[in-house]
Amino acid sequence: MLSEKTVRIVKEITPLVAANAETITRRFYERMFEANPEVKAFFNQAHQHSGGQQKALAGAICAYFTHIDNPAVLMPAVELIAQKHVSLGIKAEHYPIVGSNLLAAIKDVMGEGATEEIIEAVAEAYGFLADLFIGREGAIYAEQASAPGGWNGTRTFVVAKKVSESDVVTSFYLKPEDEGPLPPFKPGQYITVHIDHPHTPTSPRNYSLSDRVGEPHFRISVKREGKLAEDAPEGLISSHLHDSIEEGHHLQVGPPCGEFTINPENADGRPVVLLAGGIGVTPLLSMAKSIVHANPDAPIYFLQAARNSGVHAFADEIRNLATLSSNMHVKVLYDAPLDGDVENKRCDDVGFVTTELLRRWTPFADAEFYFCGPKPFMQNIHACLQELGVDETRVRYEFFGPKEELQQA
């Protein structure tokens, strides 16, 4: 447990840290990449350019400091980050590197305000949190290695099939080169693809598994990504996969990770509402297919929002899935339909998701909601669910960035 003195000091400095959090995290990454360039391989540089990584870390630090006296509140966030760390292969020996550079960044930004007493308190708080992560991540590594067909690190997979799903999305069906079994995964989880890019060193990438549990392959469905910011690079790995990876090629893949999951048995019998925006459809499609396979009578409401038919992925697959279920309801929403989209009934409605649409179309008073998509889509969904009075215990989502960005919209 943390000492009372450390808890008191951290609580006292929280407002000052919060006011300077992004400055601290920017300085932290600058220092760490300069002093320890070996860790740069773990970080997506597009997120560095866009500022997303710095904001996410700043949000995590502020959340930890705010709840320093009640760390149990943070356990869902610890699980999310631990799963991410395991997907990237982060180990116990990396934590001292992060700690030393974080403390140095705080000193750089806070100057004389970062007294020896404050630095000692932050160091103790960091050490406590690091031990939590190291323990949980060690358990995840052990679970992965002991699962039937499981592994740690990377395993060689062969691209068995490559399928265009829309103008911007391509699916890759992956089978183990060793022809061994695949481990079970939870619908909603992702795998990690390690690419030795021919021109630019890049970090591993996480891609949601878009097919159901129990198939003889893993399927990922990758959107060709543009720039996250004006001065950021285009999606190096997504472009490489689209343009250069073909059937028969080999990929190095990490085992399934992630905590944005659902029990396909739907044990509590509640209706499940899946709200997908853009490429956010991938984990939700895995959930829907797994539920229908395990329990065809389970009530499912699947709403897919896309710009238009050109970028609408899995249209036929989702409609066909609904024919296998006696209780699956599908709605497609376009916000920028192409000529003929409405007339040819490629969508059910035009516009954006609204509170009234969810009130009218979903059993919102009782359902469990799962949603994933671009930040504006998710901010809108979160606001709609709040307006409907849906309790947070019935809401699950996958969001990159500080939760505050979602909640304050």
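Keep in mind the model is a prediction, meaning the values are calculated, not measured. No hydrogens, no waters, no symmetry mates; every other heavy atom, side chains included, goes into these values.
- The shortest side-chain heavy-atom distance between His194 and Pro204 falls under the 4.5 Å cut-off.
- No donor-acceptor distance shorter than 3.5 angstrom exists from the side chain of Gln83 to the backbone of Cys257, with no hydrogens or angles considered.
- Using cut-offs of 30° and 60° for the angle between ring planes, the Phe218 and Phe157 rings count as parallel.
- In this structure, the side chains of Arg8 and Lys11 stay at 4.5 Å or more apart for every pair of heavy atoms.
- A distance-only check finds no donor-acceptor pair linking the side chain of Asn308 to the backbone of Leu338 [under 3.5 Å].
- The two residues Gly389 and Arg394 come nearest to each other via the heavy atoms O-NH2, 4.5 Å.
- Under the side chain to side chain donor-acceptor pair (under 3.5 Å) rule, Tyr173 has a single partner from Glu215, His217, Arg219, which is Arg219.
- Considering only heavy atoms from C-beta on, Met110 stays 4.5 Å or farther from Asn20 through its side chain.
- Defined by atom type and a distance below 3.5 Å, a donor-acceptor pair is present between the side-chain atoms of Gln252 and Thr156.
- To the nearest 0.5 Å, the span separating OH on Tyr301 from OG1 on Thr362 amounts to 8.0 Å.
- In plain terms, the two heavy atoms of Ile68 and Ala125 that are nearest each other are CD1-CB, 4.0 Å.
- Considering only heavy atoms from C-beta on, Arg205 stays 4.5 Å or farther from Thr192 through its side chain.
- In this model, a donor atom of one side chain and an acceptor atom of the other lie less than 3.5 Å apart for His329 and Asn327.
- Gly254 and Ile191 make their closest contact through O-CB, 3.6 Å (heavy atoms, listed as atom of the first residue, atom of the second, distance).
- Once rounded to the nearest 0.5 Å, the distance linking CD1 of Ile381 with OG1 of Thr355 reads 9.0 Å.
- Of the possible polar contacts, none joining the Asn380 side chain to the Pro376 backbone as a donor-acceptor pair under 3.5 Å is found.
- Atom OG of Ser239 sits about 7.0 Å away from atom CG of Leu236, to the nearest 0.5 Å.
- Side chains of Ser309 and Tyr334 form a contact here, defined as non-hydrogen atoms less than 4.5 Å apart.
- For the salt bridge (charged side-chain N to carboxylate O under 4.0 Å, His left out) condition, the pairs that include at least one residue of residues 152-172, sequence neighbours left out, are Arg155-Asp178, Lys162-Glu246.
- Between the side chain of Ser290 and the backbone N or O of Pro264 there is no donor-acceptor pair closer than 3.5 Å.
- Here the side chains of Ile237 and Val222 are not in contact, with every heavy-atom distance at 4.5 Å or above.
- Residue Glu120 holds its CD atom at 8.5 Å from OG1 of Thr115, rounded to the nearest 0.5 Å.
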Starting from the C-alpha separation in whole Å, work towards a yes-or-no answer on side chain to side chain contact (heavy atoms under 4.5 Å, CB included) for Leu284 and Phe260.
-> CA-CA 10 Å; Leu284 302 180; Phe260 177 58; 3.9 Å; yes

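- When atom types are taken as modelled, the side chain of Arg307 and the backbone of Gly278 share no donor-acceptor pair closer than 3.5 angstrom.
- In terms of heavy atoms, Pro37 sits closest to Glu34 at CD-O, 3.7 Å.
- Arg359 places no side-chain N or O within 3.5 Å of a backbone atom of Leu388 that could act as its donor or acceptor partner.
- The CG atom of Leu275 lies 12.5 Å from the NE2 atom of His382; values are rounded to the nearest 0.5 Å.
- Considering Ile106, Thr66, Val17 in turn, Val17 is the only one that fulfils the side chain to side chain contact (heavy atoms under 4.5 Å, CB included) rule with Ile61.
- Of all the heavy atoms in Leu333 and Val353, the pair that sits closest is CD2-N, 3.5 Å.
- Rounded to the nearest 0.5 angstrom, Leu358 CG and Phe371 CZ are separated by 10.5 Å.
- Sorted by first then second residue, the side chain to side chain donor-acceptor pair (under 3.5 Å) pairs that include residues 124-138, not counting sequence neighbours, are Ser3-Glu124, Thr6-Glu124, Glu79-Arg136, His85-Glu137, Tyr95-Glu137, Arg136-Glu143.
- The backbone N or O of Arg212 lies less than 3.5 Å from no partner atom in the side chain of Ser286, so there is not a single donor-acceptor pair.
- Remark: side-chain polar atoms of Thr25 are paired, donor with acceptor, to backbone N or O of Gln54 under 3.5 angstrom.
- When all heavy atoms are compared, the tightest approach of Gly153 to Pro255 is O-CD, 3.4 Å.
- Residues His312 and Arg346 are not in side-chain contact: their nearest non-hydrogen atoms beyond the backbone lie 4.5 Å or more apart.
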